[in-house]
Each structure stands twice: as C-alpha cells, then as structure tokens.
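Worksheet: one structure, shown below.
Quick caveat: nothing in here was measured; it's all calculated off a predicted structure. Start at 1 and go down the list; that is how both ligands and their atoms are numbered. Below, each value reflects all heavy atoms present in this structure, side chains not excepted, and no hydrogens, waters or symmetry copies.
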Amino acid sequence: MTSVPTLQDKDKRFLWHPYTQMQDYAQRDLLLIDRAEGICLFDHQGKRYFDTVSSWWCIVHGHSHPTITEKIRSQLTRLDQVLLAGTSHEPAILLAEQLVGLAPPNLSRVFYSDNGSTACEIAIKMSLQYWRQTGEPKRCQLVGIERGYHGDTIGTMSLGGVPEFHGPFAPLLFHSHRLPSPYCYRCPVGQEQKTCDCQCLQPLADLLVEQGSRIAALIIEPLIQAAGGMIIYPAKYLQKAAALTREYGVHLIFDEVATGFGRTGTMFALEQAGVAPDFLCLSKGLTAGMLPMAATLTSEDIFQAFYGEYAAGKTFFHGHTFSGNPLAAAAGLGSLQVFAQEQTMAGLPDKISHLQARMLRFADLPWVGDLRQIGMISAMELVKDKQAKAPYDFHERVGWPIYLAGLKQGLLLRPIGNVMYLWLPLSVTIAEIDEITERAWQVLSDPQNIAGF
Ligand SMILES: *Cc1c(COP(=O)(O)O)cnc(C)c1O
C-alpha cells in the first residue's frame with residue numbers, strides 16, 4: 001500500500017478535482033477515503049464520516065451492497081463490455097424491461113448512455129429530430145427554468161440556469177427560453193402558499209401563445225431543483241406545466257437524474273404529480289451509485305418517428321462507447337432487486353417523517369431562513385437577516401466553514417452556496433438519522449461556523 005502522505009503528495013501533483021478550487025488544498029489535505037460501509041466512508045486512519053450527500057446523490061442502498069456487488073461480480077466473469085450498436089446483451093435488455101415497467105405507461109423505449117448530462121442531451125436531440133421528421137422542422141426552440149440544472153455539457157448548460165457554474169461559457173451556449181424558478185421561499189411573483197396558483201407559469205403560457213408552434217420541448221427537474229439550491233416546489237406546478245405544454249403539442253422532458261429511484265419518497269418524483277412526460281432522464285441512482293449509467297425513456301410515438309427504411313434518413317445517430325455497459329446494467333438490475341427484497345419504498349415514510357421531526361429545531365436558528373424537505377432530502381437556506389431574507393453572496397462562501405466543521409463532526413456535508421442539505425441514502429436507519437441530525441446540529445447551531453454571526 002502506498003502511504004497516506006505519498007498519496008496526498010501525488011494527489012496535489014497529478015489530480016485536478018471537479019467543482020474544486022485546488023488552491024484550497026495547497027496547505028490542507030483532501031479527505032482521502034480508503035473504504036466505505038453502509039452509509040459511511042472511512043479514511044486511512046479509520047475515522048468515520050457519514051455520507052450525508054450520498055456521494056453526489058447517487059448512493060441508494062448504502063455502499064457496496066452485497067446483492068449488487070455479487071451481480072456485478074458474476075457479470076464481470078461473463079461479459080465485461082460490448083458495443084450496443086447492432087449488438088445486445090441480457091442485462092441491458094432485462095433492465096430496460098424493468099425500467100419500462102416502473103415508468104408511466106406511455107414510456108415504452110429505453111435509450112442508454114453513461115451520465116446524467118448525456119441522458120438530458122439525448123432527450124433534447126431526440127425531440128429536435130422528432131419534429132424535423134414529423135413535418136414541423138420549425139419547432140426547434142427549447143425552454144428551461146432559472147436555477148435549473150441538467151449537466152455540464154454545452155447543450156445542458158444552454159438549458160440550465162445556474163450562472164455561478166455556467167457564466168464563463170455564456171458565449172458558447174445556444175439561446176433558449178427561460179422561465180422563472182418556482183422558488184417558493186422567494187416567490188418570483190410575490191405569492192404565498194395560500195394564494196399560490198402557480199402564477200410563475202404565466203410566462204410559459206404567454207410564450208406558448210406567442211411562439212407555441214416553434215417550441216420543441218420544455219425541460220424540468222420534477223419537484224426539486226437540486227443543484228440550483230434544493231428548491232422544492234408543489235406538484236401542481238408540474239400538472240399545470242404539463243397541461244400547457246400538451247395544449248401546444250410541446251414535448252415535456254422530466255430530468256429525474258437526481259430525483260429518480262426513491263429520493264423524493266416515490267420511485268419517481270413525477271408520481272406525486274400524476275404527470276407523464278414525453279422523455280424521462282435517469283442516471284445517478286440507476287445503478288444505486290455503483291457504476292456510471294444513464295437512460296432516456298421515451299414513448300412509442302417518438303420511437304416510431306425514427307423508424308423506417310435506412311435510406312429515409314430517420315436514424316438517431318447518437319451513441320456512447322459505454323452505452324448500456326453490461327456491468328452497469330447488472331448493477332441496475334441488482335439495485336432493483338434490492339428495492340424488491342428489502343421493500344425499500346415501504347420503509348421510507350417512517351424515515352421521512354422522522355427526519356422531518358429531527359430537522360424542525362433548525363428552523364429556530366437565527367441564520368436559517370427556510371427549512372424545506374422532500375422525501376430523504378432536507379435542506380436549509382442560510383440568510384444574513386431572517387426578517388429581510390437577506391441572502392449571502394455566492395462569493396461569501398457560507399458553506400465552507402460548515403464543510404470543515406462537518407468533517408470534524410464525522411459528517412461529509414457539501415453545502416451548495418447558501419444552502420446546507422442532507423441527501424440521505426434510502427437505506428439510512430432511524431438511529432443513523434438521529435446521529436446525523438445531532439452532529440449536524442453541533443455544526444449548524446454554533447455561530448462560529450456561520451459567516452457574519
Ligand atoms: C447531476 C445531475 C445531472 C448531470 O448528471 P451527470 O452524471 O453529473 O452528468 C443532470 N440533471 C440533474 C437533475 C442532476 O442532478
């Protein structure tokens with residue numbers, strides 16, 4: 001084994017980490033993880049950290065669940081990788097069948113890729129090509145939502161609305177329409193819960209009246225805009241958006257890359273609105289966080305628009321080297337098996353209400369402006385002034401001292417800007433929720449960890 005100081009040194013010399021200011025680690029060591037067990041990570045000294053962010057929102061049943069590792073192991077000795085163009089294999093086929101079984105009935109086709117950004121890019125490209133091939137080539141405009149996040153590729157950044165991340169690339173991004181964020185705590189149209197009739201969707205209604213026949217698709221993260229700041233909004237918003245898009249024949253793309261596989265309390269967030277999209281994008285939790293994989297589900301109508309004589313030029317020319325990789329597909333099958341054998345979804349309501357009860361006391365802290373939760377995701381928005389809801393500037397970096405204090409408490413916390421959150425694996429136990437929320441209280445209730453207090 002290479003020694004820890006040597007690894008730290010080589011890390012500093014050879015690696016460039018994602019979403020990381022590397023200078024922060026010039027005089028400080030990165031958290032070097034040696035192994036994981038259940039919902040905990042362990043460093044080389046054996047110190048334990050609760051993985052409260054599910055390792056970037058993908059761990060579902062805890063780390064290295066034996067059912068899933070066994071599936072991968074047996075697949076590994078049979079077939080490691082094969083192209084999915086003109087070739088197929090059992091895990092990709094059986095997983096597709098199961099995904100179709102879980103999704104709304106109109107979604108009957110699965111197109112694989114290997115990360116969440118590509119799952120969304122594929123939906124966008126399919127929508128555009130669909131309209132081209134069905135006599136409506138003018139439908140080539142797209143609509144996204146402020147604070148939305150669909151990935152870091154050029155296409156998905158063009159539809160996203162997180163300027164803190166995507167600002168530098170503005171000259172490269174293609175034009176798309178942007179709706180206000182359904183940001184209830186800071187309602188863009190000045191409503192409150194009892195007066196809310198999703199008036200923030202009026203710009204969509206107006207846009208459709210003006211240019212409905214030129215719009216290809218609207219892309220939404222159902223129920224929670226995650227990377228944009230854990231912005232949770234009511235299901236009726238999705239119902240209203242779906243009714244509007246349907247009226248004007250516009251495709252609806254649901255990006256459930258983050259919310260898929262139980263995180264919001266239902267298998268997919270869309271179930272809480274009873275809305276079926278034209279495209280459903282899945283990734284993060286698809287393999288329970290074990291291997292990279294993504295899927296874009298769509299309808300038979302859309303599939304049929306690409307079906308025909310080769311010479312007709314309707315083929316969807318898109319694919320990735322690792323589309324439908326057999327090991328990843330085996331992991332996906334393993335995860336769905338765990339959902340069935342452990343009755344994961346049935347166990348959630350108790351955990352969700354327990355988490356909610358444990359988080360309540362945070363709402364009284366003078367720097368907690370808003371406390372919000374959906375399913376196993378609990379978030380709090382930190383403010384400089386509770387009455388005025390005065391936000392911290394992104395550059396004030398209110399999350400940094402919280403992250404550092406979290407490590408001391410044995411928690412891996414990774415606030416996004418001014419939003420501190422827990423994104424818990426579905427396998428978390430009631431006792432672990434108690435321990436995590438108590439440790440988080442130690443961090444969050446101490447004014448020394450809160451900028452300006
Ligand atoms: C993370 C995320 C993506 C991008 O997935 P990657 O695998 O990181 O490319 C897309 N959409 C949503 C909602 C996400 O949370």
Could you give the side-chain donor-acceptor pairs of residues 86-101 under 3.5 Å, partners two or more places apart or in another chain?
residue	atom	partner	partner atom	Å
Thr87	OG1	Ala85	O	3.4
His89	ND1	Ala92	N	3.3
His89	NE2	Gly324	O	2.9

TODO: Please say whether more than 12 non-hydrogen atoms of neighbouring residues, nucleotides or ligands are located less than 6.0 Å from CZ in Arg132.
DONE: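 For Arg132, atom CZ is not crowded (no more than 12 foreign heavy atoms under 6.0 Å).
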Task: Over 12 foreign heavy atoms within 6.0 Å of CD, Gln341 - done: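 Yes.
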Task: salt bridge (charged side-chain N to carboxylate O under 4.0 Å, His left out) contacts touching residues 106-121 (sequence neighbours left out) - done: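 Those involving residues 106-121 are Arg109-Glu300.
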Open item on the list: Restricting to side chain to side chain contact (heavy atoms under 4.5 Å, CB included), what partner residues turn up for Cys187, sequence neighbours left out?
Closed with: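 For Cys187 the side chain to side chain contact (heavy atoms under 4.5 Å, CB included) partners, ignoring immediate neighbours, are Val189, Gln191.
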- [ ] Tell me the residues surrounding ligand 1, counting only those with a heavy atom closer than 4.0 angstrom, sorted by chain and number.
- [x]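 Residue list for ligand 1: Trp57, Asn115, Gly116, Ser117, Tyr149, His150, Gly151, Glu221, Asp255, Val257, Ala258, Lys284.
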Open item on the list: Using a 3.5 Å distance criterion without hydrogens, assess whether the side chain of Lys240 forms a donor-acceptor pair with backbone atoms of Asp197.
Closed with: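 Yes.
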